[in-house]
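Report on one structure; see the data block that follows.
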2 protein chains.
Amino acid sequence: MQRRNEISIGTLANRTGLAVSAIRYYETQGLVAPERNAGGQRRFLRSDIRRLSFVMIAQKFGFTLDRIREVLGRLPQSRTPTAKDWTEISQDFRAELDEQIQALTRLRDKLDGCIGCGCLSLDRCALYNPDDVAADKGAGPRYLMGDQAVRPED
Amino acid sequence: MQRRNEISIGTLANRTGLAVSAIRYYETQGLVAPERNAGGQRRFLRSDIRRLSFVMIAQKFGFTLDRIREVLGRLPQSRTPTAKDWTEISQDFRAELDEQIQALTRLRDKLDGCIGCGCLSLDRCALYNPDDVAADKGAGPRYLMGDQAVRPED
DNA sequence: ATAATTCCTAAAGTTAACTTTAGCTCAAGC
DNA sequence: GCTTGAGCTAAAGTTAACTTTAGGAATTAT
């Protein structure tokens with residue numbers, strides 16, 4: 001007894017290509033918020049197909065689920081998102097993507113400079129500066145090619 | 001009693017900015033292979049500073065340690081790598097990097113097309129094809145935006 | 001009215017890349 | 001020569017993003 005606009009987790013899995021277990025996990029992460037029917041089973045909206053598809057695309061671009069949840073937060077909660085809503089967040093998304101690609105490109109160009117110099121002189125080595133591309137959240141400073149000039153024999 | 005060309009794990013940590021525990025972990029992963037002194041302590045070569053710096057840079061570009069180990073495998077094992085050796089593997093590395101950037105760019109351009117169409121017609125939706133950018137090793141098919149045309153009301 | 005699916009929860013397992021902890025041993029400085 | 005800082009090992013913990021397992025309950029198909 002699936003009402004017109006409600007779909008089961010299995011149907012959603014088929015439509016998106018995601019595993020049922022992944023969808024349940026996404027619910028725990030606040031990426032979808034299905035209702036429940038009388039028997040306690042999840043009932044998703046058809047619009048969740050698009051929602052999860054967006055999640056998959058964003059992941060393909062390397063975004064974390066946390067970040068994706070933030071982005072999805074910009075969709076209207078009161079009504080089913082329209083094509084226009086999706087277009088809007090996709091555009092913001094595109095902007096971030098452009099930045100990522102540029103950061104990666106800059107880093108690559110720096111590597112070019114480094115190939116030439118062999119990094120024997122850190123003062124001139126562009127890779128020395130730990131900027132660009134998502135600063136790792138990891139502990140401590142992560143500078144590259146040493147913290148002092150690497151001597152020729154190193 | 002550190003011989004001229006040998007350095008302790010602490011020194012290596014200071015020179016690279018890595019944590020001592022990370023260096024030990026890298027050893028278990030076959031990224032460095034230090035010798036041991038009489039007392040059982042690790043003795044690295046000065047050239048390992050550069051080796052680990054390379055590891056850090058490659059990671060910044062998103063390479064996994066497994067992949068990095070493969071790349072490092074192309075260095076000569078019989079002697080200390082020269083600047084020329086490093087230049088060579090950096091160039092191969094750059095080629096892979098270029099591919100990655102291009103794949104990301106292609107995917108971004110496809111997103112552009114998708115923003116316009118609102119993905120109401122999958123036949124025309126470029127994101128449909130799950131090519132480009134490292135196919136996930138995860139289980140099962142991961143197609144995007146559904147496996148059938150997403151109807152307007154979805 | 002069953003049998004076969006599908007779904008549910010809770011908990012544990014998985015991979016990558018490390019860190020933390022515990023309990024000891026070396027090595028270096030005064 | 002002894003105290004303290006560095007190092008050592010083995011095992012367990014951590015985060016992200018899921019999957020797998022176990023044991024039931026709800027649906028759907030026949």
Side-chain angles (χ1 to χ4, degrees), chain A residues 1-3 6-44 48 52 55-70 72 134-142, chain B residues 1-3 6-44 48 52 55-70 72 134-142:
Chain A
M1 206 192 259
Q2 260 182 214
R3 268 183 286 172
E6 297 180 336
I7 59 179
S8 69
I9 195 168
T11 303
L12 183 55
N14 283 334
R15 294 295 296 275
T16 57
L18 285 167
V20 166
S21 61
I23 297 176
R24 290 203 192 100
Y25 174 71
Y26 288 163
E27 184 185 358
T28 72
Q29 300 307 295
L31 295 170
V32 265
E35 311 249 290
R36 299 298 178 118
N37 70 2
Q41 300 196 347
R42 293 172 180 80
R43 290 305 140 181
F44 295 84
D48 286 331
L52 291 192
V55 171
M56 294 169 80
I57 292 173
Q59 276 196 294
K60 230 180 176 177
F61 283 116
F63 286 76
T64 64
L65 294 185
D66 271 9
R67 188 77 197 77
I68 297 171
R69 186 183 43 240
E70 279 179 33
L72 284 175
D136 17 11
K137 320 93 197 285
R142 300 282 184 114
Chain B
M1 209 192 259
Q2 262 181 215
R3 265 181 289 171
E6 296 180 338
I7 60 180
S8 69
I9 195 167
T11 304
L12 183 55
N14 284 334
R15 294 295 296 273
T16 58
L18 286 167
V20 166
S21 60
I23 298 175
R24 289 204 192 99
Y25 175 71
Y26 288 162
E27 183 185 0
T28 72
Q29 300 307 296
L31 294 170
V32 264
E35 311 249 294
R36 300 296 178 119
N37 70 3
Q41 300 196 344
R42 292 172 181 79
R43 292 301 142 184
F44 295 85
D48 286 330
L52 291 191
V55 171
M56 294 169 81
I57 292 173
Q59 276 196 296
K60 230 181 177 179
F61 282 116
F63 286 76
T64 64
L65 294 185
D66 271 8
R67 189 76 197 78
I68 297 171
R69 186 183 43 239
E70 279 179 33
L72 285 175
D136 16 12
K137 322 92 195 286
R142 301 280 186 115

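No hydrogens, no waters, no symmetry mates; every other heavy atom, side chains included, goes into these values. All chains are named by letter (A, B, ...) in the order of the sequence lines, taking the proteins before the strands, and each is independently numbered beginning at 1. The structure displayed is predicted, hence computed values, not measured ones.
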Problem - Closest to side chain of B:Tyr26, choosing from C:dC18, D:dT19, D:dT9 - result: C:dC18

Practice task
Taking only the side-chain nitrogens and oxygens of A:Asn37, find out if one of them lies under 4.0 Å from OP1 or OP2 of C:dC7.
Solution key: no

Completion exercise
Winner on side-chain proximity to A:Leu65, out of D:dT19, D:dA17, C:dC18, is D:dA17

Exercise for the section: Mind calculating the distance between CG (B:Asp66) and P (C:dT14) to the nearest angstrom? Expected result: 18 Å

Exercise for the section: Can you figure out which of D:dG7, C:dA17, C:dC7 approaches the side chain of B:Thr64 most closely? Expected result: C:dA17

Problem - Length of the line joining B:Tyr25:OH and D:dC8:C1', which is rounded to integer Å - result: 19 Å

Practice task
Inspect the contact between A:Arg24 and A:Glu27 and indicate whether a charged nitrogen and a carboxylate oxygen are less than 4.0 angstrom apart.
Solution key: no

Exercise for the section: Establish, with yes or no, whether the OP1 or OP2 oxygen of D:dT27 is under 4.0 angstrom from a side-chain nitrogen or oxygen of A:Ser8. Expected result: no

Fill in the blank from the handout: Testing D:dG7, D:dC18, C:dA17 for proximity to the side chain of B:Gln41, the answer is D:dG7

Handout entry: B:Asp66/B:Arg69 under side-chain contact (heavy atoms from CB on, under 4.5 Å): CA gap, chis, key distance, verdict
Key = CA-CA 5 Å; B:Asp66 271 8; B:Arg69 186 183 43 239; 3.1 Å; yes

Handout entry: Chi angles and distances behind the side-chain contact (heavy atoms from CB on, under 4.5 Å) call for B:Arg42, B:Ser8
Key = CA-CA 6 Å; B:Arg42 292 172 181 79; B:Ser8 69; over 6 Å; no

Handout entry: Candidates C:dC7, D:dG7, D:dT20 - which lies nearest the side chain of A:Ser21
Key = D:dT20

Practice task
For A:Glu6 and C:dT6, give me the distance from atom CD to atom C1', rounded to whole Å.
Solution key: 17 Å

Exercise for the section: Under 4.0 Å between any heavy atoms, over every strand shown, what does B:Arg42 touch: base, sugar-phosphate, or nothing? Just pick one. Expected result: sugar-phosphate

Completion exercise
Per atom distances to the A:Arg24 side chain, the nearest of D:dC8, D:dT19, C:dC8 is C:dC8

Practice task
Indicate whether OP1 or OP2 belonging to C:dC18 is found under 4.0 Å from a side-chain N or O atom of B:Gln59.
Solution key: yes

Handout entry: Closest approach of B:Ile23 to B:Leu12 (non-hydrogen atoms, all atoms of both residues)
Key = CD1-CG, 3.8 Å

Exercise for the section: Specify the separation, in whole Å, of atom CZ of B:Arg43 and atom C1' of D:dC8. Expected result: 12 Å

Exercise for the section: Map A:Ile23 and A:Ala38 onto DNA chain D by nearest heavy atom, then report which one ends up closer to the 5' terminus. Expected result: A:Ile23

Exercise for the section: Round to a whole Å and report the spacing from CD of A:Glu27 to C1' of D:dA17. Expected result: 16 Å

Problem - B:Phe63 CZ to C:dA17 P, straight-line distance once rounded to whole Å - result: 13 Å

Problem - Touch class at under 4.0 angstrom, heavy-atom based, for A:Arg36 against every strand present - result: sugar-phosphate

Problem - Nearest-Å distance for atom pair CD1/P, residues A:Ile7 and D:dT28 - result: 14 Å

Exercise for the section: Take the protein atom CG of B:Leu18 and the nucleotide atom P of C:dT19, then report the distance between them rounded to whole Å. Expected result: 8 Å

Problem - Inter-residue atom distance B:Gln29.CD - B:Thr64.OG1, 0.5 Å rounding - result: 10.5 Å

